[in-house]
Amino acid sequence: MSAHSDWIEEQRRLLNCLPLGVMLTDAQGLIWCCNEVLAGLMGLSLDQIEGRCLYDWWPELVALEGTRPSLPYRRPSPASAAVEDWLSFKVRVQALELGIELGIELGGAQPRAYRVWSFQAEASRELAQTQADFVATVSHELRTPLTSIKGFVDTLLNAREQFDPAQVDRFLRIIKSQADRLTCLVEDILTVSRIQSGRLKNIPQRLGIAEVAERVLDQLADRYDARRVALDLPAGLPVIRADPDRLEQILTHLIDNALKYSDHPTLVRVRAGLDPEHDDRIQLSVDDQGTGIAPEHLSTLFHRFNRIDSPLTRQREGTGLGLYITKALVESLGGTIQVDSQLGRGSTFTVGLPVAQVVEALGGDPPGSRACPPGEVSARS
Ligand code: ADP
């Protein structure tokens, strides 16, 4: 390591001790190092900031004198439009001339003067409101299962002998399902936080849709009658390249909604097939015969916290985060999502995903595939 990179490393350590977002640039605005607070503020990783030019983000700063309050920040190349909304805010920026001429003596070719820039977010009214909504919705949703778990555990601890084994068993099942609900909620909250900070990571691998769909149905079986879901996955489906956990989250949200928003038990079909218009993409759809969605609600369906104001939605638990998460996850996998729905008739959510680059026909028994003969529907029992 050169004396210069040692010096930069030392500055990074110092900057990381500061509570403000801070970066160190040279006179041309090239960012030599920044701290974790700034990376968090900008929703980017250190690698995505260091080495870039400060003026790419804030051209106004070229002529900076003293403090510049209220400069808008929009994170470049967001994963999705929804993320972009979230990461728009104003910053208050201050620059300090370090006036240190380093370079030749530290092994660099040119002497270099550095500047230290500090950044503070100005919470916009909308952002503050969104955060308040988030806390209110999420705390309410967390409290409901917690209250139920506490109530049943108290009952069992204080008066277990008054109940017969079947009743005790029923209480334990309720506790388990409420604990599962809490786990899902926490997972959703963590996913939203990763989406918003731009830290959603995918570890893609080659996988068969059937394997993931089977796993999702097994997990949902505790909450729903498994016979209500039919898998229609033809043989010969190409392998896709996706993060299995992400695909599992996507399918879980869509199937869960399809079952949840039907006011009487109807069949939900999960189908997959090649996209008729693009043979390098696969289409995965979840089809229900539930309440359906009125056309005026379709444009905001994937918005954060969106819940349609209907009697059935009011009866069902939910945060309005499921479809927002689903869309962001689908887009993070390079896919698309669309919905067709008719009020009172049902809805179809269709996800398009790229197939793995080397398309493998799932002849025989490919890894991760449970293929039915073409057209056959396997209802789970
Ligand atoms: P949540 O289910 O937690 O309310 P979602 O983001 O998953 O949040 O869904 C947003 C809203 O869209 C729901 O509240 C519901 O009103 C509506 N919705 C979602 N999926 C369906 C569906 N399959 N059929 C009818 N309405 C749906």
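When a ligand or atom number is given, it counts from 1 through the structure's own listing order.
Of all protein heavy atoms, the one lying nearest to atom 21 (C) of ligand 1 is Tyr261 CD1, 3.6 Å. If you check which protein heavy atom lies closest to atom 26 (N) of ligand 1, you get Ile293 CG1, 3.5 Å. The nearest heavy-atom contact from the protein to atom 3 (O) of ligand 1 is Thr319 N, 2.9 Å. For atom 7 (O) of ligand 1, the closest non-hydrogen atom of the protein is Asn257 ND2, 2.8 Å.
Of all atoms in ligand 1, numbered sequentially from 1 with element shown, those under 4.0 Å from a heavy atom of Leu301 are 12 (O). Close approach of ligand 1 to Leu321 (heavy-atom distance below 4.0 Å) involves ligand atoms 6 (O), 8 (O). Close contacts between ligand 1 and Asn306 involve ligand atoms 10 (C), 11 (C) [criterion: under 4.0 Å to a heavy atom]. Close approach of ligand 1 to Ser347 is summarised as follows: ligand atoms under 4.0 Å from at least one heavy atom of the residue are 24 (N).
Panel note: side chain Asp243, backbone Ile203; a donor-acceptor pair is recorded below 3.5 Å. Looking at Ser285, its side chain never comes within 3.5 Å of a backbone N or O of Thr350 through a donor-acceptor pair. Judged purely by atom type and a 3.5 angstrom limit, Arg206 has no side-chain atom pairing as donor or acceptor with the backbone of Val239.
Among the atoms of Asp288, some N or O lies under 3.5 angstrom from an N or O of ligand 1. Backbone and side-chain nitrogen or oxygen atoms of Gly320 are examined, and one is located within less than 3.5 angstrom of a nitrogen or oxygen of ligand 1. The shortest N/O to N/O separation between Gly322 and ligand 1 falls below 3.5 Å. Close N/O approach between Thr313 and ligand 1 is found [any backbone or side-chain N/O within under 3.5 Å]. By the 3.5 Å distance cut-off applied to N or O atoms, Thr291 is not counted among the residues near ligand 1.
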ring-ring contact (aromatic ring centres under 6.0 Å, His included) between Phe302 and Tyr324, worked out: CA-CA 5 Å; Phe302 295 95; Tyr324 164 74; 9.9 Å; no
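Looking only at atom types and distance, the side chain of Arg246 has a donor-acceptor partner in the side chain of Gln249 under 3.5 Å away.
Among pairs with a residue in residues 287-301, those fulfilling side chain to side chain donor-acceptor pair (under 3.5 Å) read Asp287-Thr348, at least two apart in sequence or across chains.
In this structure, the ring pair (Phe, Tyr, Trp, His ring centres under 6.0 Å) partners of Phe119, at least two apart in sequence or on a different chain, are Trp58.
Nearest to atom 5 (P) of ligand 1 by heavy-atom distance, out of Leu323, Leu343, Thr348, Asp309, is Leu323. Nearest to atom 4 (O) of ligand 1 by heavy atom, out of Arg307, Lys327, Arg316, is Arg307.
Relative orientation of the Phe171 and Phe163 rings is perpendicular, given thresholds of 30° and 60° on the angle between their planes.
Taking 4.0 Å as the cut-off between side-chain N and carboxylate O, Asp309 and Arg314 count as a salt-bridged pair.
A heavy-atom separation below 4.0 Å is found between Phe349 and ligand 1. Contact annotation: Gly290 has no heavy atom less than 4.0 Å from any atom of ligand 1.
Considering only heavy atoms from C-beta on, Pro354 stays 4.5 Å or farther from Arg241 through its side chain.
If you look at Ile308 next to ligand 1, the close heavy atoms, those under 4.0 Å, come from the backbone and the side chain alike. Contacts of Lys260 with ligand 1, taken as heavy-atom pairs under 4.0 Å, involve the side chain alone.
With a 6.0 Å radius and a threshold of 12 heavy atoms from other residues, nucleotides or ligands, Leu157 has its CG atom above the threshold.
Contact between Gly318 and Lys260 at its shortest, heavy atoms only, is CA-NZ, 4.2 Å.
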